[in-house]
Amino acid sequence: MAKKYASPRGTIDFLPPESMKLLHVEAVFRDLAENYGYLPVRTPMFEATELFAHGAGESSDIVSKEMYTFPDKKGRSMTLRPEGTPGVARALIQAGWNFAEQTRLYYVGSMFRYQRPQKGRYREHTQVGVEIFGASSVTADVEVISLGVNYLNALGLENLRIVVNSLGSVEDRTAYNENLKKYIDQNHDEFCPDCHFRAEHNPLRVFDCKVPECHVILEKAPKIDEIMCEESKVRFKILQEMLREEGFAIEVDNMLVRGLDYYNHTVFEIMMEGDEGQQSSLMGGGRYDGLIKLFGGPDTPAMGFGSGLERVAEAVDWSDIADLIKPECDLAIVVLGDKAHALGTTLANLLRAAGMMVHIDHRVTSFKNQLGQANSLNAALAIIVGEDEIARGVAIVKDMESGEQEDVPVSQVVEYILSGFEDERE
RNA sequence: GUACCUGUAGCUCAGCUGGUUAGAGCGCCUGACUGUGGAUCAGGAGGUCGAGGGUUCGAAUCCCUCCAGGUACCCCA
């Protein structure tokens, strides 16, 4: 269809009932995050470009080719946020936050990445996420991961693959990167050009390479868990044990490095089992103990995750919970004539104020049509008022299911309906 | 950014190797039921066949360009 305007590439519109699904997923997330003591945080949708470049790492794909960057009217380089963490970190530092205390925050908001759109991969998507600052212990990692898993479980997503890895401490990671670079240089000819580039900028990323030859030679490369200090190894081991104790079937994948440079120690990703499409990743996160300091704050440990709302909503099986996303219409008002419409509006407002969901049509249309609407809205009751009823000073209250109806004096209609409504609620 | 597939009523799609007024189901509207919904039956509205150009007597159908969606790279949420 040739419509005059179309949504920009890679963006999606959500009309009812799809929009209700997103709200439901978001509500489940908020409730659960708050149960864990996380409080909401909101930060700008765009920031100085430097913030993201510095945080995620110049060589990461997100920064090097996926950012929506533009100059503002004074020529300053701004970027629509590609992820939530840097903005939150910046906001806390800017506010002079007391990082000696433990802080739990959650957010919900749009993220932007300029990439080739595909199912489950959009240029604007909503991300929910949590961050915990000031806690360096493994138990904080376990909390974040289990909050994530419980969130997905709460939506009926059970067949999850929970993949974890450890990148070691910040020092381990630095040492490992050098090691890896050396290894790649030594076997220079056997790596692809992309990997040569990665070796220069961020050697860890070679594990993301999909060229089979690179994988072969990488098999013999030094592994992070070989380089890691004893303390880091123990930490990772404890993490695995604790997660298993929580009943999670976790997988360890020492190739999992994640797309952002600021991670250390724990990294994890959760995807749908069997869903081998490449967009199956529902959630990803990890520990970023160096970020606050990198941004000029005090040395503060931190851990968090981000999760794509649209992807999660798409993975949910809505057939069981269809009722949750359908607005329950309690009552429809059916009127004929101006006087009846005015009376109907008054009644509607009184009933709405009492908490009922009331529908009324503002067009001039037949009883038949209006009752049809009441029916398709699944209204439990209808109030019918026409000229006859106005003259007699009554309204007809009709039970939509049984079809029974009865005359009620106008002055008593609200009370009559509310008494039944209350009963039903108990 | 690369490759392949797709784009026909509001929705899901049919339309054989180019041939006259482009179809179905669902939905919507109207009537049977002149002030009463769900079922049934009958009728109706709704399409510059994604956009632009080309080939042809003739294009939804073939060719080119663009736009959009999907899939695989890539990357991730």
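Here is how names work: the chains are called A, B, and so on, in the same order as the sequence lines, proteins then strands, and each is numbered from 1. Heavy atoms only: backbone and side chains are in, while hydrogens, waters and symmetry mates are out.
A:Met400 comes within 4.0 angstrom of a base, heavy atoms only. Within the 4.0 angstrom heavy-atom criterion, no nucleotide atom of any strand lies near A:Gly337. Within the 4.0 angstrom heavy-atom criterion, only backbone atoms of the sugar-phosphate kind lie near A:Glu66; the bases stay farther away.
Below 30°, between 30° and 60°, or above 60°: for A:Phe295 and A:His54 the angle between ring planes is between 30° and 60°, a tilted geometry.
On the C1' atoms, B:G53 is 31 Å away from B:C11, given to the nearest whole Å. Using C1' as the reference atom, B:U21 and B:A3 are 42 Å apart when rounded to the nearest Å. B:A9 and B:G27 have their C1' atoms separated by 11 Å, given to the nearest Å. Between the C1' atoms of B:C57 and B:C67, the separation comes to 32 Å (whole Å). The P atoms of B:C13 and B:G7 are separated by 10 Å, rounded to the nearest whole Å. With C1' as the reference atom, B:A22 and B:G58 are 16 Å apart, rounded to whole Å. One P atom belongs to B:G46, the other to B:G38, and the distance between them is 25 Å to the nearest Å. Atom name P, nucleotides B:U48 and B:U61: the rounded distance is 15 Å, in whole Å.
Other residues, nucleotides and ligands contribute more than 12 heavy atoms inside 6.0 Å of the CD atom of A:Glu246. The local environment of OH in A:Tyr114 is sparse, with at most 12 non-hydrogen atoms from other residues, nucleotides or ligands closer than 6.0 Å.
Of the charged side-chain nitrogens involved, at least one lies within less than 4.0 Å of a carboxylate oxygen, so that A:Lys181 and A:Asp185 count as a salt-bridged pair. Between A:Arg161 and A:Glu269, none of the side-chain N atoms (NZ, or NE/NH1/NH2) sits under 4.0 Å from a carboxylate O, so this pair counts as no salt bridge. Ion pairing between a basic and an acidic side chain is recognised when a charged N comes within 4.0 Å of a carboxylate O; A:Glu26 and A:Arg30 show such pairing.
In this structure B:G35 sits in no base pair that meets the Watson-Crick or G-U test at under 3.5 Å. Pair assignment for B:A24 gives B:U12, based on Watson-Crick or G-U wobble hydrogen-bonding distances that are each under 3.5 Å. Base pairing of B:G7 is made with B:C67, judged by Watson-Crick or G-U wobble geometry with both donor-acceptor distances under 3.5 Å. Of all nucleotides present, none satisfies the Watson-Crick or G-U wobble test against B:C75 with each distance under 3.5 Å.
Residues A:Leu309 and A:Gln127 are not in side-chain contact: their nearest non-hydrogen atoms beyond the backbone lie 4.5 Å or more apart.
Contact annotation: A:Gln118 side-chain N/O to B:A72 OP1/OP2 distance is under 4.0 Å. Phosphate proximity of B:A77 to A:Arg121: absent, as no side-chain N or O sits under 4.0 Å from OP1 or OP2.
In terms of polar N and O atoms assigned as donor or acceptor, the side chain of A:Glu389 comes within less than 3.5 Å of the base of B:G35 in a complementary pairing. One can find a donor-acceptor pair under 3.5 Å joining the base of B:C76 and the side-chain atoms of A:Arg311. One N or O donor and one acceptor, one from the side chain of A:Lys398 and one from the base of B:U36, sit under 3.5 Å apart.
Distances from the side chain of A:Asn375 to the nucleotides B:C76, B:U2, B:G37 place B:G37 closest. Residue A:Pro117 has its side chain nearest to B:G69 when only B:U36, B:G69, B:U2 are considered. Listed nucleotides: B:A77, B:U36, B:U71. Nearest to the side chain of A:Met283: B:A77. Checking B:G37, B:G1, B:U36 against every side-chain atom of A:Ile396, the shortest atom distance belongs to B:U36. The nucleotide whose nearest atom lies closest to any side-chain atom of A:Glu387 is, among B:G35, B:A77, B:C4, B:G35.
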What does nucleotides 28-34 of chain B look like as a protein-contact string, B for base, S for sugar-phosphate only, - for none, at under 4.0 angstrom between heavy atoms? -SS----
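Annotation: salt bridge (Lys or Arg N to Asp or Glu O under 4.0 Å) contacts of A:Glu18 (sequence neighbours excluded): A:Lys21.
Atom OG1 of residue A:Thr69 and atom CZ of residue A:Phe112 lie 12.5 Å apart, to the nearest 0.5 angstrom.
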